[in-house]
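Worksheet: one structure, shown below.
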Amino acid sequence: MTLRLFNTLTGQLDPLTPADGRALRMYACGPTVYDFGHIGNFRTFLHIDVLRRFLHLSGIQVRHVMNITDVDDKIIRNAAAAGQPIGEYTAPFEEAFFEDLDALRVERPELIPRATDNVPQMVALIQRLEKQGAAYRTEDGSWYFRIAAFPAYGKLSKKDLSGMEDGARVDVDEYEKDSSRDFALWKAAKPGEASWETPLGRGRPGWHIECSAMAMEYLGESFDLHAGGEDLIFPHHENEIAQSETATGRPFARHWMHVRFLLVDGRKMAKSEGNFYTLRDLLLKGYRASAIRLALISVPYRHPINFTFESLTDATGAIDRLRTFRSRLTSGEFPEGQNPAVEAAALAAREAYRAALANDLNTADARAPVFELVRSANTAMDKGEFFAANRESVLQVLADFDRVFDVLEDRDLEATRRALAWAEKSGRMADVAPELKASASISDAEIDTLVAERVEAKKQRNFTRADQIRAQLAEKGIVIEDAKDGTRWKRK
RNA sequence: GCACCGGUGGCGAAGUGGUAACGCGCUGGUCUGCAAAACCAGUAUUCACGGGUUCAAUUCCCGUCCGGUGCUCCA
């Protein structure tokens with residue numbers, strides 16, 4: 001089943017397949033490592049992760065490049081304020097970024113180049129543009145791209161720039177540019193700033209040229225897909241197209257995917273609004289990493305998502321339902337034989353699931369058949385109409401689901417413990433929710449011991465003691481369930 | 001101001017020209033020592049509002065209202 005994915009460039013759903021028939025070559029704009037990422041950043045990376053995982057599920061290999069922008073105005077400014085070299089300043093944020101990706105189970109791209117390791121490629125690209133008369137140097141030693149050299153400018157963002165007359169409202173001279181819309185390729189070094197000595201002069205690369213140079217270096221001049229957040233459409237991606245296609249005379253990326261924004265309480269997330277959350281903030285409030293992942297990917301990427309704490313609670317409930325079901329499926333004992341109705345339901349669910357994802361990665365739609373199967377299989381089990389031979393096909397549906405959603409395996413405590421360790425190191429223990437401190441303070445082994453004692457008490461029909469243990473564990477956020485085939489527990 | 005997107009049950013959220021998936025929640029029931037889990041039943045006669053096209057519109061068209069985003073750095 002071929003994935004049909006919305007293409008910003010054509011404005012329609014286009015099939016996404018590798019042009020070379022082997023591996024899909026994709027480039028995704030990565031983080032600028034000047035601070036901790038916020039959940040809006042991670043929504044984009046999560047949906048790109050959904051894309052690559054679905055491609056894998058469909059048997060398509062991927063060559064995925066994500067850059068790290070480790071030099072830009074904010075980094076230079078902040079590093080200077082901290083009295084550090086930029087590399088020293090960015091290193092911890094880069095590390096934190098990957099820790100957060102791990103917590104959210106985002107798979108690593110095949111290649112993760114840093115901007116500062118690819119400056120020569122950027123310089124070469126600017127020189128190539130200069131030879132074609134599309135790049136020029138200004139008095140201060142900066143280099144700009146001449147938008148007039150690329151008539152198709154605006155084709156991605158569908159902007160009509162004809163109304164923007166030079167000189168009408170912008171003082172062109174002030175910028176030393178030929179046209180107010182021309183953008184920087186290379187910024188001349190200012191005293192004390194990080195810079196590179198190059199044939200272009202001493203300076204540093206502009207943001208747009210970074211991505212063009214690295215995409216071409218690792219994927220070739222023309223490749224399958226370029227992805228990023230919706231805010232990058234203009235000017236970043238528009239500029240990438242202009243400079244890349246001018247230089248090579250070939251189409252840059254065939255397909256453009258843009259993930260829409262995450263809003264908080266109906267508004268864009270911003271520090272000034274006081275609705276700005278990092279992943280760490282949420283983990284320390286006691287929300288599970290898996291719930292954050294599920295909540296952020298359950299709204300399809302082409303719709304803005306309105307983030308609320310309630311959405312995390314909802315996702316937690318949904319995950320519990322799925323995990324409980326899977327454990328019933330794997331540990332339950334079922335009579336020999338098979339129920340054809342269950343087999344048919346599993347097959348139908350699997351097909352509906354894949355079809356939904358193939359339709360522009362409709363994650364909301366894809367969940368439905370999985371939950372429908374959970375209900376019908378649970379019903380069959382309750383009625384004793386679920387047989388041993390049905391187990392495999394139902395598990396297969398869960399496996400397909402989890403190949404993309406990746407929330408069934410409980411690894412939440414790991415991520416939470418790492419966040420707690422970080423909070424301790426950076427003096428943020430005051431932000432930790434009290435319930436979380438309690439829950440994290442008890443080990444699995446201690447819980448097992450108490451649960452075993454309770455099972456024994458129940459056997460003796462000592463319900464007072466049994467209830468006492470249950471209440472004691474509940475205080476630490478541990479829930480006990482007495483099922484027919486034994487007692488199990490979970491962390492809330 | 002210009003452009004774009006959206007308004008579906010208590011909340012989140014799919015979807016379709018022929019009378020509304022799924023998740024969470026809530027109510028009642030079954031089961032259970034009690035719970036939890038699970039299951040069953042009930043939770044939108046209706047998809048912002050007004051008009052139009054059609055045998056038929058939540059789904060297409062026009063208008064109104066409301067909300068959001070972009071046009072500068074931003075995932």
Side-chain angles (χ1 to χ4, degrees), chain A residues 11 28-32 34-35 37-48 69 72-74 77 157-161 163-164 170 183 207 227-236 258-263 265-271 291 294-295 298-325 327-328 332 352 356 359 362-383 457-458 461-464 466-467 470-471 474 479-485 487-490 492:
Chain A
C29 290
T32 301
Y34 69 99
D35 200 349
H38 60 252
I39 54 172
N41 295 312
F42 289 114
R43 181 191 197 208
T44 299
F45 297 117
L46 280 163
H47 275 289
I48 291 169
T69 297
D72 90 321
D73 291 346
K74 278 186 289 253
R77 185 194 61 208
S157 54
K158 320 280 188 259
K159 279 188 193 302
D160 179 7
L161 300 168
M164 297 293 288
V170 182
F183 57 86
W207 178 37
E230 64 167 318
D231 52 324
L232 300 186
I233 296 173
F234 187 87
H236 185 51
H258 291 101
V259 180
R260 300 215 45 196
F261 269 129
L262 173 144
L263 307 175
D265 293 325
R267 312 203 139 267
K268 186 172 168 178
M269 184 166 55
K271 281 183 178 154
L294 186 65
S298 286
V299 175
Y301 79 95
R302 220 142 61 78
H303 291 279
I305 183 177
N306 186 24
F307 173 83
T308 59
F309 291 109
E310 200 187 348
S311 72
L312 297 182
T313 309
D314 289 358
T316 303
I319 288 171
D320 280 342
R321 179 167 168 81
L322 294 169
R323 285 181 182 170
T324 301
F325 174 68
S327 118
R328 187 178 188 191
N359 178 24
N362 191 334
T363 44
D365 203 15
R367 287 172 40 148
V370 176
F371 281 97
E372 277 167 4
L373 181 67
V374 169
R375 181 164 26 76
S376 64
N378 267 325
T379 304
M381 288 180 199
D382 284 357
K383 289 184 179 165
K458 273 184 58 177
R461 301 196 66 79
N462 181 355
F463 295 123
T464 312
D467 289 351
R470 186 163 65 192
V479 179
I480 288 190
E481 294 171 6
D482 296 321
K484 285 202 182 73
D485 47 356
T487 296
R488 55 177 178 250
W489 62 265
K490 65 190 178 196
K492 233 176 26 187

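Here the structure is a predicted model, which is why all the values come from computation and not from measurement. Note that these values count all heavy atoms, side chains included, but never hydrogens, waters or copies made by symmetry. Below, chain A is the first sequence line, B the second, and so on; all start at residue 1.
Annotated stems with RNA chain B as a participant read B:1-7 with B:65-71, B:10-12 with B:22-24, B:25-30 with B:38-43, B:48-52 with B:60-64, given as range with range, by first number; only runs of 3 or more Watson-Crick or G-U pairs under 3.5 Å qualify.
Nearest to the side chain of A:A364, among B:A14, B:C5, B:A75, sits B:A14.
A:R267 places its CZ atom 11 Å from the P atom of B:G70, with the value rounded to the nearest Å. As rounded to whole Å, 12 Å separates atom P of B:C11 from atom CG of A:D314. Between A:R488 atom CZ and B:U32 atom C1' there is a gap of 13 Å when expressed in whole angstrom units. Look at CE on A:M269: it is 10 Å from P on B:A75, rounded to the nearest Å. Taking atom CG on A:D382 and atom P on B:C31, their separation rounds to 13 Å, with Å as the unit. For the pair A:N306 CG and B:G7 P, the computed distance is 13 Å after rounding to whole Å.
Residue contacts shown for A:R470 include a base, since a base heavy atom lies under 4.0 Å away. Residue contacts shown for A:H38 include a base, since a base heavy atom lies under 4.0 Å away. Within 4.0 Å (heavy atoms only), A:L262 reaches at least one base atom of the nucleic acid. Heavy atoms of A:V259 sit nowhere under 4.0 angstrom from any nucleic acid atom. Residue-level contact check: A:P300 touches the backbone only, with heavy atoms under 4.0 Å from sugar-phosphate atoms and none from bases. A:D467 comes within contact range of at least one nucleobase, with a heavy-atom separation under 4.0 Å.
Contact between A:F45 and A:P31 at its shortest, heavy atoms only, is CZ-N, 3.9 Å.
By the 4.0 Å N-to-carboxylate-O rule, A:R470 lies close enough to A:D467 to be salt-bridged with it. Remark: A:D35 does not engage A:K74 in a salt bridge, criterion side-chain N to carboxylate O under 4.0 Å.
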